Amino acid sequence: MVLVILLIGFFCALLFPVCVFLAYKFFYDSHTNRILASGIVPKRRWPAPWIIYVIVLVVTMAVFALLGSGFVLMVRVADEHGQAADYSDMPQMIDIHISEVIRYEMDGGRYELIDEGSDNGIDYSLYRYQTKDSICNYVIIAEFAVPGAGRNTVECGYNTETGGVRASEYYDSYQADPDVYCMIEIEDTMYSPGTIEMTVSAGDEISKLTLEI
Amino acid sequence: MDIKMMLDPDDPMRKSLEELGIRDDPGSSYVISRQGAGVNFIPGKRDSQQFYVDVKDIIYIESLGHDVIIHTADGTYNSSDRLKTLLEVLSAESFLRVSNSAIVNIKKIKRIESSILQKFVLHMTGGARVDVTRSYYYIFRDRLGI
């Protein structure tokens with residue numbers, strides 16, 4: 001796309017001197033024919049149209065080179081920001097598992113527990129695994145109660161300085177359940193300070209948990 | 001002895017030479033011409049007939065291969081002379097070489113059109129177009145003061 005824009009710009013830059021040449025040529029030819037008809041030679045000669053063309057072409061190409069390199073630089077910077085935003089916008093990044101029977105547990109290994117506690121009726125543990133090149137993987141293991149039958153939703157928002165992304169998962173419960181288990185995996189994120197928000201909508205009750213990362 | 005006379009029909013030198021028994025032979029390899037002011041007529045052939053073409057009527061002269069063609073308002077004439085020879089006898093005030101193959105009568109230029117390729121296109125009276133080539137570009141500009 002950038003190449004196409006640059007090519008269009010280049011052709012416009014080529015066309016511009018031609019337009020200037022044609023406009024100047026009109027006046028130059030009128031001037032020349034006036035001299036031819038009158039025979040009076042003016043004191044100052046007008047520069048020939050091809051000289052004007054060459055000058056305008058050189059100036060236009062210089063301006064095009066400046067603007068083009070500026071544009072390419074701008075696109076690169078925008079791409080870098082865009083890549084970061086795209087990366088955090090990937091919905092696959094957040095994977096939510098909910099179960100009434102499976103009690104999720106970390107099997108140790110690479111993940112380290114960085115936070116745990118209970119807030120707004122949600123018991124949680126936050127684990128993190130960070131690679132040497134600052135790629136972070138988070139796992140939240142949570143437990144909450146469901147007050148009765150109905151649709152329940154777990155929503156997770158991952159917000160950092162480079163952007164944010166949300167994902168949600170729901171399940172239907174047929175009765176009140178004091179122990180519903182949930183595991184949220186947030187994978188392959190470039191480390192950046194921010195928050196992980198977890199919202200549990202169980203019946204009419206909405207519980208919200210905010211974790212600093 | 002026959003000699004090619006690049007002289008006007010009423011030039012006293014022509015009469016003097018004819019009195020001496022020297023005839024005008026356009027095919028002769030000897031040429032006599034008047035230096036400076038230029039001639040008023042140049043010899044030209046049309047339909048195997050010899051004419052003296054009034055230089056005031058010449059629009060341009062072009063060289064096409066081995067032929068030199070004199071273009072006037074009332075038609076074309078062939079000349080047996082080379083462009084260089086004609087340029088020497090024609091008035092420099094009125095005639096100018098604009099390319100290796102053309103001499104134009106400046107007074108017969110109707111319009112000058114510039115080109116992007118360091119050239120001019122001359123629109124002559126009668127509708128002919130003659131190019132001023134790059135080699136003669138500055139000579140032409142200097143001559144016309146443009």
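These numbers were taken from a predicted model, which means no experiment stands behind them. In what follows, chains carry the letters A, B, and so on, assigned in the order in which the sequence lines appear, proteins first and then strands, with residues in each chain numbered from 1.
- In this structure, Arg34(A) CZ and Ile146(B) CD1 are separated by 12.5 Å, a value rounded to the nearest 0.5 Å.
- The environment of CZ in Phe16(A) is sparse: at most 12 heavy-atom neighbours from other residues, nucleotides or ligands sit within 6.0 Å.
- The environment of Gln130(A) atom CD is dense: over 12 non-hydrogen atoms of other residues, nucleotides or ligands sit within 6.0 angstrom.
- Interface remark: Lys119(B) contributes no atoms to any contact with chain A (heavy atom separation under 4.5 Å).
- Between Ile35(A) atom CD1 and Leu144(B) atom CG the span is 8.5 Å, to the nearest 0.5 Å.
- Remark: Phe26(A) CZ is loosely packed, at most 12 non-hydrogen atoms of other residues, nucleotides or ligands lying under 6.0 Å away.
- With rounding to the nearest 0.5 Å, the separation of CD in Glu113(B) from CG in Asn33(A) is 9.5 Å.
- Among all heavy-atom pairs drawn from Arg141(B) and Ala48(A), the shortest one is NH1-CB, 3.5 Å.
- A distance of 6.0 Å separates CD1 in Ile109(B) from CG in Leu36(A), rounded to the nearest 0.5 Å.
- Around atom CZ of Arg143(B), more than 12 heavy atoms belonging to other residues, nucleotides or ligands sit under 6.0 Å away.
- Counting non-hydrogen atoms of neighbouring residues, nucleotides and ligands closer than 6.0 angstrom, the CZ atom of Arg23(B) reaches no more than 12 such neighbours.
- Rounded to the nearest 0.5 Å, atoms CZ (Phe21(A)) and OG (Ser114(B)) are 5.5 Å apart.
- Taking the six-membered ring where the residue is Trp, Tyr28(A) and Phe120(B) present parallel rings, their angle staying beneath 30° rather than reaching 60°.
- Counting heavy-atom pairs closer than 4.5 Å to chain B, the top-ranked of the candidates Val41(A), Thr32(A), Ile51(A), Ile40(A) is Thr32(A).
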